[in-house]
Amino acid sequence: MMILKFNVQFLEDAAEFLDNLDEKVRDKVIYNIHKARISNDKELFRKLKGEIWEFRTLFNKTHYRLFAFWDKTESTNTLVISTHGLIKKSDKTPQGEIEKAEQIRKTFLKQKTKDNEK
């Protein structure tokens, strides 16, 4: 039996990114995300900066990245929230993309706190 280390939720931008990928690429990205959920493989899921992580996929010499963060507001359910994705042209992850993911993280957690107070 495989034990999943976390669940993944895709926000709108991440879901759109996946929807717009070629089917074979999308399947590989989803496969790698599933694999990351059962292993500690830094080639598949690794910390970028601060609270921001990335799911990593290499397919046909092209690097695909989905940015994410941990939602630890509920102790029973370990959840990783995927914010958005990109196709990398170089080795370096654009700082603006990390900042975008961090801004989405702050907005998401602030909204969740508001919703829980209702």
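What you see is a predicted model, and the numbers here were worked out from it, not measured in a lab.
Heavy atoms from other residues, nucleotides or ligands lying under 6.0 Å from CD of E23 number 12 at most. Other residues, nucleotides and ligands contribute at most 12 non-hydrogen atoms within 6.0 Å of the NZ atom of K106.
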### Task
Report the C-alpha separation of R105 and E102 in whole Å, then their side-chain angles, then the decisive distance to 0.1 Å, and conclude whether the salt bridge (charged side-chain N to carboxylate O under 4.0 Å, His left out) test is met.
CA-CA 5 Å; R105 184 186 79 83; E102 178 59 29; 2.9 Å; yes
### Task
For side-chain hydrogen bond (donor to acceptor under 3.5 Å, both in side chains), just list the numbers for K5 and T78, CA-CA rounded to whole Å, side-chain angles, deciding distance to a tenth of an Å, and then say yes or no.
CA-CA 7 Å; K5 298 180 185 309; T78 307; over 6 Å; no
### Task
Any chance you could lay out the side-chain hydrogen bond (donor to acceptor under 3.5 Å, both in side chains) test for R26 and N20, step after step, and finish with the verdict?
CA-CA 8 Å; R26 182 174 49 247; N20 289 324; over 6 Å; no
### Task
Report the C-alpha distance between F45 and F6 in whole Å, list the side-chain angles of each, state the deciding distance to 0.1 Å, and finish with yes or no for ring pair (Phe, Tyr, Trp, His ring centres under 6.0 Å).
CA-CA 12 Å; F45 186 56; F6 54 86; 5.3 Å; yes
### Query
So Q95 and K49, side chain to side chain contact (heavy atoms under 4.5 Å, CB included) or not? Walk me through it.
CA-CA 10 Å; Q95 185 61 36; K49 182 180 177 201; 3.1 Å; yes
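Here the shortest heavy-atom pairing between L58 and K28 reads O-CE, 4.0 Å. Looking at every heavy atom in both residues, F69 comes nearest to E51 through CB-O, 3.5 Å. The two residues E97 and F67 have their closest heavy-atom pair at CB-CZ, 3.7 Å. Closest heavy-atom contact between A15 and F10: N-CB, 4.2 Å. Of all the heavy atoms in T83 and A101, the pair that sits closest is OG1-CB, 3.7 Å.
Under the 4.5 Å side-chain heavy-atom criterion for ILVMFWY residues, a single connected hydrophobic cluster contains both I33 and I87. The cluster map of Ile, Leu, Val, Met, Phe, Trp and Tyr, joined by side-chain heavy atoms under 4.5 Å apart, puts V8 and I30 in the same cluster. Cluster annotation: W53 and V29 are assigned to the same hydrophobic cluster (Ile/Leu/Val/Met/Phe/Trp/Tyr, side-chain heavy-atom contacts under 4.5 Å, transitive). At a threshold of 4.5 Å between side-chain heavy atoms, the hydrophobic network of Ile, Leu, Val, Met, Phe, Trp and Tyr places F59 and L86 in two separate groups.
In this structure the side chain of F55 reaches within 4.5 angstrom of the side chain of V80, judged on heavy atoms. Taking 4.5 Å as the limit, some side-chain heavy atom of L4 sits within range of a side-chain heavy atom of I38. Looking only at side-chain heavy atoms (C-beta outward), Q9 and L79 come within less than 4.5 Å of each other. You'll find the side chain of L18 reaches within 4.5 Å of the side chain of L66, heavy atoms only. Side-chain contact between R56 and E43 is present, with at least one heavy-atom pair separated by less than 4.5 Å. Annotation: side chain of I81 is in contact with side chain of L11 (closest heavy-atom distance under 4.5 Å). Side-chain atoms of D13 and K100, non-hydrogen and from C-beta on, do get closer than 4.5 Å to each other.
Atom-to-atom distance recorded for S39:OG and H34:NE2 is 9.5 Å, nearest 0.5 angstrom.
The side chain to side chain contact (heavy atoms under 4.5 Å, CB included) with T57 is formed by just one residue from the set N32, T62, V25; it is N32.
Ion pairing of K35 with D41 is absent here, as no side-chain N (NZ or NE/NH1/NH2) approaches a carboxylate O to less than 4.0 Å.
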